[in-house]
Amino acid sequence: QIETITTEELENSEEFLKEAHAKSFFHLLGNPHNLNLFLSIYKQGETVRNRTDLFEKACAVLVKEKNEAHAGARNETYSSSDLIDISGLLCTIYMLTNSAGLSLTETAGDASYPYILDEIGDKVTIAKQAAKTGVFRQDGTNRIVPCHRTIAEYLSANYLIKLSREGLPLPRVVGMITGYDDGTLSDLRGLYAWMATLYPEKSDYLISRDSVGILIYGDVSKFSASGKRTLFNELKLVSKQHPWFLAEVRINNEMGNIVCLDLEQDILYVLNNGHDDIYFLTFVLEALEIGEPLDNLGAPLLRIAQSKE
């Protein structure tokens, strides 16, 4: 069905689907909202460099749109960046409270749809304006939910990073999205992965708590060489404790992005010592199959291919 829709909507549908696989967002296209949103970006002739770039462009489109309930509403004079920022605040409240949605009036609020406007100070007016944009959809009278959870995760991560950069200690931020054992809460793995992606100066600190989640939900192409090495080494540790992790990360092509010239010696070591951990060796081989070509791995790869073990 995805292929049918893209063929109807785009002249270069094959190129779009190829990019969706290569840039690790094909698995998101099963959601009709995501598919329409991403198609609209490509119809505008936008070049998408990576998964992060896709979500950045998607949010820029959404804050300029009105959701169905407010299609004819008058535009207020707020910049896209301000609307994205306040949308991040609303999404953060939605994510961290694990609520069904948010209420815009006290009478519409309850435990499942908390009323939040009395908690955000002088941001009430712009919050109401953000609630009318395509970032959110109506879920009953004076109730909203994010248009899609992946969008909420991305916007919330940006907002929490902003708080940290403005002075809120990162351990306190992390404490809001991790459990008593310091592990990422299962419902917040996508949010956490985006934090590790979008906060490069703190990625080494963030990676160790959920390296697998970061590989699944984040954008490894944005990581520095240091960040990729940290992720590589953390995944090596995970493979010894949870060898089935490979089944989780096969959801997209993101593991190919961990392959880079700076990690060539690290990868070479695994290829030459694969008997130490056959599961991590399998991960590395699959990553090499879809990642950046490296010139100096021919001999060990040939040896592995010819091995009878």
Side-chain angles (χ1 to χ4, degrees), residues 2 14-15 17-30 48-54 183-184 189-190 192-194 196-197 200 203-204 206-309:
I2 294 173
E14 290 185 5
E15 186 65 26
L17 293 174
K18 182 180 178 181
E19 283 205 33
H21 281 289
K23 294 170 183 175
S24 303
F25 64 87
F26 181 82
H27 66 292
L28 300 175
L29 301 181
V48 175
R49 300 187 302 273
N50 48 49
R51 199 166 181 232
T52 301
D53 189 43
L54 175 68
T184 312
R189 294 182 83 189
Y192 190 88
W194 276 118
T197 298
S203 61
D204 286 357
L206 294 165
I207 286 169
S208 62
R209 283 178 170 80
D210 191 8
S211 56
V212 173
I214 289 167
L215 190 60
I216 296 171
Y217 302 110
D219 183 356
V220 180
S221 71
K222 293 287 289 181
F223 282 28
S224 64
S226 172
K228 288 186 179 184
R229 180 169 288 109
T230 299
L231 181 60
F232 187 85
N233 290 330
E234 287 294 332
L235 290 168
K236 189 185 301 184
L237 294 174
V238 168
S239 72
K240 294 183 182 299
Q241 301 166 356
H242 307 290
W244 55 88
F245 87 100
L246 186 57
E248 288 189 79
V249 302
R250 284 179 176 139
I251 189 173
N252 56 41
N253 287 341
E254 197 60 36
M255 62 181 174
N257 285 324
I258 205 169
V259 177
C260 64
L261 184 61
D262 293 290
L263 264 67
E264 188 173 56
Q265 292 304 310
D266 305 75
I267 293 169
L268 187 61
Y269 179 86
V270 173
L271 296 180
N272 287 329
N273 298 274
H275 57 276
D276 292 344
D277 186 347
I278 189 64
Y279 299 104
F280 193 66
L281 173 61
T282 302
F283 165 77
V284 169
L285 291 173
E286 292 193 17
L288 286 171
E289 185 177 357
I290 56 179
E292 173 187 338
L294 299 178
D295 295 335
N296 298 315
L297 304 180
L301 287 172
L302 180 61
R303 176 179 50 77
I304 292 171
Q306 294 175 337
S307 174
K308 296 180 180 180
E309 297 181 5

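Numbering starts at 1 and runs along the sequence shown. Bear in mind the structure is a predicted one, so any value in this text is a computation, not a measurement.
- Shortest non-hydrogen contact noted between Gly291 and Val259 is CA-CB, 4.3 Å.
- Remark: the backbone N or O of Ser221 is not paired with any side-chain donor or acceptor of Arg51 at under 3.5 angstrom.
- Side chain of Thr230 to backbone of Ser226: a donor-acceptor contact under 3.5 angstrom is found.
- Salt-bridge formation is not detected for the pair Lys228/Asp262: no Lys NZ or Arg NE/NH1/NH2 atom is positioned less than 4.0 Å from an Asp or Glu carboxylate oxygen.
- Smallest separation of non-hydrogen atoms from Leu29 and Ala20: CD1-CB, 3.9 Å.
- With hydrogens and angles disregarded, no donor-acceptor distance shorter than 3.5 Å links the side chain of Tyr192 to the backbone of Gly183.
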Check the pair Leu288 / Leu301 against side-chain contact (heavy atoms from CB on, under 4.5 Å), numbers first and verdict last. CA-CA 10 Å; Leu288 286 171; Leu301 287 172; 4.1 Å; yes

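- Annotation: side chain of Asp277 is not in contact with side chain of Val270 (no heavy-atom distance under 4.5 Å).
- Ring geometry for Phe280 versus Phe245: interplanar angle under 30°, hence parallel rather than tilted (30 to 60°).
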Show, in sequence, the C-alpha distance, side-chain angles and deciding distance for Asn272 and Arg303, and conclude whether the side-chain contact (heavy atoms from CB on, under 4.5 Å) test is met. CA-CA 9 Å; Asn272 287 329; Arg303 176 179 50 77; 3.1 Å; yes

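- With sequence neighbours excluded, the residues forming a salt bridge (charged side-chain N to carboxylate O under 4.0 Å, His left out) with Glu286 are Arg250, listed by chain and number.
- Taking each heavy atom of Asp295 and Glu264 in turn, the nearest pair found is N-OE2, 3.7 Å.
- A salt bridge links Arg189 with Asp210: at least one charged nitrogen is closer than 4.0 Å to a carboxylate oxygen.
- In this structure, CG on Leu215 lies 12.5 Å from CD on Glu234, to the nearest 0.5 angstrom.
- Ser307 places no side-chain N or O within donor-acceptor distance of the main-chain N or O of Ile304, the cut-off being under 3.5 Å.
- A 6.0 Å sphere centred on CD of Glu248 holds more than 12 heavy atoms belonging to other residues, nucleotides or ligands.
- In the displayed structure, Phe26 atom CZ is contacted under 6.0 Å by more than 12 heavy atoms of other residues, nucleotides or ligands.
- In this model, no donor atom of one side chain and acceptor atom of the other lie less than 3.5 Å apart for Thr197 and Asp219.
- Closest approach of Pro300 to Leu268, counting heavy atoms only: CG-CD1, 3.5 Å.
- Looking at every heavy atom in both residues, Gly227 comes nearest to Ile207 through O-CD1, 3.4 Å.
- In plain terms, the two heavy atoms of Asp53 and Val48 that are nearest each other are OD2-CA, 3.4 Å.
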